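To keep things clear, I will list the structure first and then write my remarks on it.
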Amino acid sequence: MNKNLVDLLSKTMQTCFDKGIFEKKDVPSIEVEAPKENSHGDYATNIAMILASILKMNPRTIATRIIENIEDGDNILEKVEIAGPGFINFFIKDTIWATLLAEVDEKDDRYGESEIGKGKRVQVEFVSANPTGPLHVGHARGAVIGDVVANILQASGYSVSREYYINDAGNQMNNLGRSVLYRYRQLLGEEIDYPDECYQGHYINNLASEILTKDGDRHQSEVEEEVISLFTDYAAGSILEGIKNDLEAFGVVFDCFFSERELYKDDGVETLLRELQEKQYIYREGNTLWFRTTDFGDEKDRVVVRDNGEPTYFAADIAYHKNKYERGFDTVIDVWGADHHGYVPRMYAGIQALGKKKEALDVILVQLVNLLRGGKPIAMSTRAGEFVTLREVVDEVGKDAARYNFLLRRSNSHLDFDLELVKEQSNENPVYYVQYAHARICSIMRTAVERGHTIPGYHDVNPSLLSLPEEFNIIKAIDRFPELIEGSAKAGEPHRITFYINDLASAFHSYYNKNRVISDDAELTHARLFLVKCIGIILRNALHLLGVSAPERM
RNA sequence: GCGCCUGUAGCUCAGCUGGAUAGAGCAACGGACUUCUAAUCCGUAGGUCCUUGGUUCGAAUCCAAGCAGGCGUGCCA
């Protein structure tokens with residue numbers, strides 16, 4: 001409906017220009033929104049006030065001219081009013097509302113999808129945790145946000161690829177292998193002073209004993225420098241396997257795992273450095289190579305090759321992003337922990353040096369999670385190996401509750417995640433509120449069928465029987481769903497969906513308590529069954545986008 | 001020191017990119033189950049949108065300064 005009105009208004013503006021009522025000027029994009037106040041109509045636009053300064057006319061005069069020239073061909077408008085400083089308020093005919101549901105019925109599980117992406121290729125890179133230990137809760141929020149952003153983009157007509165970048169080339173990997181090796185030797189009875197900088201978690205011991213079972217004691221006598229890579233490879237592979245399993249249990253599946261090592265194997269970093277040098281973004285100080293990121297607004301230049309000749313992580317990361325674009329992605333989205341925010345300007349510098357526009361990269365920063373139990377913070381230390389793993393959380397609270405609760409806030413804001421609350425199956429837990437609405441709708445459908453009704457489609461009902469104000473409001477909300485998904489896709493903000501379905505579920509619960517869906521009046525029953533069915537479709541589609549199940553019974 | 005983020009009801013947070021009288025959940029109080037699922041609903045109460053200026057028809061939203069909290073500020077990843 002919103003779009004219809006925008007179209008109507010742009011045609012009207014055209015008419016006004018053609019007739020010479022307004023001097024021809026560039027018109028800013030017309031926006032129509034639903035006012036909070038019912039007396040302000042069903043929809044309103046501020047276009048007259050925007051045009052006031054451009055056309056140098058009184059906004060109320062502009063509004064009057066616009067209204068005079070509206071051609072309501074489809075006959076949807078009850079009345080149009082000018083209010084306040086120059087708002088144009090639209091009142092839609094009551095009979096129009098129910099007709100909007102035809103589209104929901106027709107598109108069914110595809111309702112909410114759009115083509116705004118026009119098939120553009122987008123890559124969403126997220127999680128990308130080092131394979132030096134299992135995923136913990138801190139990774140979980142980024143995992144869900146990345147996954148859902150990808151879902152939303154896919155529904156909006158983008159061609160989406162989900163990618164996990166494996167940092168398996170750095171110093172830390174060597175450290176991992178060493179850690180396992182020392183534990184292995186300890187298991188064989190050697191006295192070893194286990195270094196502080198080695199990984200402390202118990203999973204290291206497990207990996208060590210796995211190797212012991214597999215290979216016996218034959219690595220004990222081998223030279224550390226020679227055998228360490230074997231331990232590294234085994235540990236990284238095994239940990240990565242675990243990470244994949246944990247993610248899958250969390251409902252997150254990647255299209256691609258990209259290894260940093262591959263980048264070096266293909267000389268990706270070398271090639272990149274040459275390119276930057278040719279483009280004169282590099283200067284040398286002794287053995288150190290600096291990238292002049294300040295050319296692109298970074299606050300200081302950054303080292304890409306260290307004094308010892310080794311490229312920095314940053315260099316590899318630019319090469320990695322170059323590789324992404326070479327694989328044909330138009331836009332690349334990076335989901336990072338907010339503690340990496342200082343990294344953002346230099347990454348933008350990196351891609352701009354490659355000749356990409358800033359718009360080709362979008363960084364979504366995810367704030368850290370405050371893990372609580374019963375209101376008390378849970379202390380975590382990755383170094384000391386004391387942390388709550390993603391797997392533990394999913395096992396304890398369930399996939400649905402875990403995911404939903406991570407989507408309850410804007411990514412940018414801090415999130416308290418209280419295991420007791422998230423686990424609780426009560427009104428404190430929003431996920432069940434929404435799921436319950438869906439289950440309830442399914443229950444109504446079952447009862448209706450038991451009583452001999454068939455579940456109606458749009459053409460089986462008399463739309464004019466949906467005439468209550470709360471029914472209009474529900475339809476209005478349903479009608480807004482596709483726009484909501486579009487907005488959510490453009491902004492990369494999945495939380496909008498959780499807020500929306502919470503409102504819709506609330507409207508439904510309220511409606512349910514006030515009105516009977518199934519009654520003696522067969523025609524009315526069918527109309528309401530149809531409305532309720534449409535609500536169910538929205539809830540199901542939305543939950544699906546969030547990767548949360550829509551149960552038929554609870 | 002510098003940079004980024006945050007500051008909205010007692011608590012946790014929305015606020016659709018500048019719109020009309022700022023919203024929701026929780027907590028508090030009072031009500032509704034012989035009816036299609038009470039994991040629900042209805043009602044009451046709750047505000048210096050951190051402060052001060054600026055931009056304009058109009059600011060929680062934009063700009064500047066300040067205050068408070070978080071994070072960052074490696075030739076670590």
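Predicted, not measured: the structure shown is a model, and the values here were computed from it. By convention in this document, chain letters (A, B, ...) are assigned in the order of the sequence lines, proteins followed by strands, and residues within each chain are numbered from 1.
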Practice prompt. For B/A38, take OP1 and OP2 only and decide whether either is under 4.0 Å from a side-chain N or O of A/Arg440.
Written response: yes
Worksheet item: With a 6.0 Å cut-off on ring centres, are A/Tyr500 and A/Phe481 close enough?
Response: yes
Worksheet item: Is any side-chain N or O of A/Tyr512 closer than 4.0 Å to OP1 or OP2 of B/A38?
Response: yes
Discussion item. Can you confirm whether A/Phe258 sits close enough to A/Leu263 that some side-chain heavy atom of one is under 4.5 Å from a side-chain heavy atom of the other?
Written reply: yes
Discussion item. Does a side-chain N or O of A/Asn502 approach OP1 or OP2 of B/G25 to a distance below 4.0 Å, or not?
Written reply: no
Discussion item. Considering every strand and a 4.0 Å limit on heavy-atom distances, what is the contact class for A/Glu552: base, sugar-phosphate, or nothing?
Written reply: base
Discussion item. Check whether A/Asp400 reaches the backbone of A/Ser549 with its side chain - one donor and one acceptor, N or O, closer than 3.5 Å.
Written reply: yes
Worksheet item: Any ion pair linking A/Glu125 and A/Lys324 (charged N to carboxylate O, less than 4.0 Å)?
Response: yes
Worksheet item: Hey, are A/Asn405 and A/Asp418 close enough side-chain-wise for a donor-acceptor pair under 3.5 Å?
Response: no
Worksheet item: Does B/U17 have a Watson-Crick or wobble partner in any strand here, with both distances under 3.5 angstrom, and which is it?
Response: none
Practice prompt. Flag the pair A/Asp339 / A/Leu368 as yes when at least one side-chain heavy-atom distance between them is below 4.5 Å, and no otherwise.
Written response: yes
Just the table, please: protein N/O against nucleotides 72-76 of chain B N/O, every pair under 3.5 Å.
{"unit_1": "B/C75", "atom_1": "O2", "unit_2": "A/Asp307", "atom_2": "N", "d": "2.7"}
{"unit_1": "B/C75", "atom_1": "N3", "unit_2": "A/Thr288", "atom_2": "OG1", "d": "3.2"}
{"unit_1": "B/C75", "atom_1": "N4", "unit_2": "A/Thr288", "atom_2": "OG1", "d": "3.4"}
{"unit_1": "B/C76", "atom_1": "OP2", "unit_2": "A/Arg306", "atom_2": "NE", "d": "3.1"}
{"unit_1": "B/C76", "atom_1": "OP2", "unit_2": "A/Arg306", "atom_2": "NH1", "d": "2.7"}
{"unit_1": "B/C76", "atom_1": "O5'", "unit_2": "A/Arg306", "atom_2": "NH1", "d": "3.0"}

Worksheet item: Ion pair present between A/Glu262 and A/Lys265, side-chain N to carboxylate O less than 4.0 angstrom?
Response: yes
Worksheet item: Taking side chain as C-beta onward, heavy atoms only, is A/Val422 less than 4.5 Å from A/Phe417?
Response: yes
Practice prompt. Specify the separation, in whole Å, of atom CD of A/Glu450 and atom P of B/U35.
Written response: 16 Å
Worksheet item: Who passes ring pair (Phe, Tyr, Trp, His ring centres under 6.0 Å) against A/Tyr264, sequence neighbours left out?
Response: none
Worksheet item: Where the side chain of A/Ser443 is defined as all heavy atoms beyond and including C-beta, which of B/A77, B/U37, B/C36 is the nearest nucleotide?
Response: B/U37
Worksheet entry | Closest-nucleotide 5' rank along RNA chain B - winner of A/Asn513 and A/Ala44 | A/Ala44
Between the protein and nucleotides 56-64 of chain B, which nitrogen or oxygen pairs are less than 3.5 angstrom apart?
none

Fill in: Stretch residues 362-377 of chain A: residues that reach within less than 4.0 Å of RNA chain B through a heavy atom
A/Gln367
Taking only N/O atoms, report every protein-nucleotides 13-17 of chain B pair under 3.5 Å with atom names and distance.
{"unit_1": "B/C13", "atom_1": "OP1", "unit_2": "A/His414", "atom_2": "O", "d": "3.1"}
{"unit_1": "B/C13", "atom_1": "O5'", "unit_2": "A/Arg409", "atom_2": "NE", "d": "3.4"}
{"unit_1": "B/C13", "atom_1": "O2'", "unit_2": "A/Arg409", "atom_2": "NH1", "d": "3.4"}
{"unit_1": "B/A14", "atom_1": "OP1", "unit_2": "A/Arg410", "atom_2": "N", "d": "3.0"}
{"unit_1": "B/A14", "atom_1": "OP1", "unit_2": "A/Ser413", "atom_2": "OG", "d": "3.1"}
{"unit_1": "B/A14", "atom_1": "OP2", "unit_2": "A/Arg410", "atom_2": "NH1", "d": "3.4"}
{"unit_1": "B/G15", "atom_1": "OP1", "unit_2": "A/His495", "atom_2": "NE2", "d": "3.1"}

Under 3.5 Å, which protein N or O atoms sit close to an N or O of nucleotides 42-45 of chain B? Give each pair with its distance.
{"unit_1": "B/C42", "atom_1": "OP1", "unit_2": "A/Ser510", "atom_2": "OG", "d": "2.9"}

Fill in: Base paired to B/U34 (Watson-Crick or G-U; both N/O distances under 3.5 angstrom)
none
Worksheet item: Taking any strand in view, what nucleotide pairs with B/U12 in a Watson-Crick or G-U wobble way, both distances under 3.5 Å?
Response: B/A24
Item to complete: Just name whichever nucleotide pairs with B/C4, Watson-Crick or G-U, keeping both distances under 3.5 Å, else none.
Response: B/G70
Item to complete: Using both distances under 3.5 Å as the test, list the Watson-Crick or G-U wobble partner of B/C76, or none.
Response: none
Worksheet item: Quick one: does A/Pro85's side chain get under 4.5 Å of A/Met49's, heavy atoms only?
Response: yes
Practice prompt. Examine distances only and state if a side-chain atom of A/Arg141 and a backbone atom of A/Gln367 form a donor-acceptor pair shorter than 3.5 Å.
Written response: yes
Worksheet item: Salt-bridged, A/Arg528 to A/Glu471, with N to O below 4.0 Å?
Response: yes
Practice prompt. Please measure how far the C1' atom in B/A28 lies from the corresponding atom in B/G46, and state the result in whole Å.
Written response: 10 Å
Discussion item. Check this for me: does any side-chain nitrogen of one of A/Arg480 and A/Asp503 sit under 4.0 Å from a carboxylate oxygen of the other?
Written reply: no
Item to complete: State the pairing partner of B/U51; accept Watson-Crick or G-U wobble contacts with both distances under 3.5 Å, and report none otherwise.
Response: B/A65
